[in-house]
There are 2 protein chains.
Amino acid sequence: MPDFIYNGKIYYNPVQLVMEQIGGTWKAPILWRLKDQTMRYGELRKDIPHISDKMLTTQLRELEDDGYISRKVYAVVPPKTEYSLTTQGKEIIELITTIRNYGLKMIEKQESSKK
Amino acid sequence: MPDFIYNGKIYYNPVQLVMEQIGGTWKAPILWRLKDQTMRYGELRKDIPHISDKMLTTQLRELEDDGYISRKVYAVVPPKTEYSLTTQGKEIIELITTIRNYGLKMIEKQESSKK
DNA sequence: AAGGTTACTTACTAAAAAGTATGTATCGCA
DNA sequence: TGCGATACATACTTTTTAGTAAGTAACCTT
């Protein structure tokens, strides 16, 4: 598989592309929470341990730009914004689920091997 | 899912754990090439575009430490070292295959959408 | 004695990702 | 008039990851 370009960026292989879409510390946790519900910014913020405003905002923006989530802003005060998965987001959730299950199995094995 | 510890390191969720095992620019390409063959250092080096000695060596070491590949050193001059997948490595190759296929689909869609 | 082959190692630099802290806008309400 | 609520934005620092360049060890062959 030769190098290729996606959205103007060079990638060396398909795995690298996927990793850039859902990799990093925060994207999977965000998508996971939107799996079957719409959530407000503040709800995500409270529900994802350790995340900061900066990280939550930037990752939400990237996920939106990449087409995985949609953002609905209500013109009210104080502000209200709702995030939810797009069709594309629902598709990639399946992959995340697979990866997640693999991770869970790893943890299990580790648990069982330390008596 | 609360934080947990794996090999002495804290993780926030199972996906993050998997990402650390096979993420980064080079681990998937290396594992992929060992999918169904043993390869020498120099063969990997030539077969993986853009990779440097430093990156190849460090990633091979980490994959070995994490139990995905085994390293067989022959006591000859010039040196000869062979790398191959362990059982654990063969397991995670399946996951990598799934991720890779997802990436290939993404590329296809992009291809077809630009006339 | 010098050169070739192979699998590394080491030092240094650059770029990317993440973390910390603080600030801002808006409007209703006390 | 100042405070609270919410969803951000911005500046700066730290950490992590990757890239570049050069060097080393060992033995065989010429």
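Just the heavy atoms: all of them, side chains too, but no hydrogens, waters or symmetry mates, feed the values below. All chains are named by letter (A, B, ...) in the order of the sequence lines, taking the proteins before the strands, and each is independently numbered beginning at 1. Bear in mind the structure is a predicted one, so any value in this text is a computation, not a measurement.
- As a whole-Å value, the separation of Tyr11(A) OH from dA16(C) C1' is 13 Å.
- For the residue pair Ser70(B)/Thr86(B), the side-chain donor-acceptor check at 3.5 Å is not satisfied.
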**Q.** Trace of the side chain to side chain contact (heavy atoms under 4.5 Å, CB included) decision for Leu44(A) with Leu60(A)
**A.** CA-CA 10 Å; Leu44(A) 286 166; Leu60(A) 283 171; 4.1 Å; yes

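- Atom CD in Glu82(B) sits about 13 Å away from atom C1' in dT6(C), given to the nearest Å.
- Nucleotide dT6(D) holds its P atom 14 Å from the CE atom of Met39(A), rounded to whole Å.
- Between Leu60(A) atom CG and dA9(D) atom C1' there is a gap of 14 Å when expressed in whole angstrom units.
- The side chain of Tyr83(B) contributes an N or O atom lying less than 4.0 Å from OP1 or OP2 of dC8(C).
- The Arg40(A) side chain lies nearest to dA7(D) when the options are dA7(D), dA9(D), dC8(C).
- Without hydrogens or angle criteria, Thr98(B) side chain to Glu94(B) main chain gives a donor-acceptor distance under 3.5 Å.
- Sequence neighbours left out, the pairs with a member in residues 13-58 of chain A that pass ring-ring contact (aromatic ring centres under 6.0 Å, His included) are Trp26(A)-Tyr12(B), His50(A)-Tyr12(B).
- Look at CG on Asp47(A): it is 14 Å from P on dA7(D), rounded to the nearest Å.
- Regarding Arg45(A), its CZ atom lies at a distance of 12 Å from the P atom of dG19(C), rounded to whole Å.
- Of the charged side-chain nitrogens involved, none lies within less than 4.0 Å of a carboxylate oxygen, so that Arg33(B) and Glu43(B) do not count as a salt-bridged pair.
- Rounded to an integer number of Å, the gap from Glu43(A) CD to dA7(D) P is 8 Å.
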Q. Could you walk me through whether Glu82(B) and Tyr74(B) pass the side chain to side chain donor-acceptor pair (under 3.5 Å) check?
A. CA-CA 8 Å; Glu82(B) 284 183 347; Tyr74(B) 294 84; 3.0 Å; yes

Q. Just by protein heavy atoms under 4.0 Å, how would nucleotides 17-30 of chain D read 5' to 3' in B, S and -?
A. -BBB-----BB---

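- Nucleotide dT6(C) holds its P atom 14 Å from the CG atom of Leu44(B), rounded to whole Å.
- With dT6(D), dT9(C), dC8(D) as the choices, the nucleotide that has an atom nearest any side-chain atom of Arg61(B) turns out to be dT9(C).
- For Asn101(B), there are no side-chain hydrogen bond (donor to acceptor under 3.5 Å, both in side chains) partners, not counting sequence neighbours.
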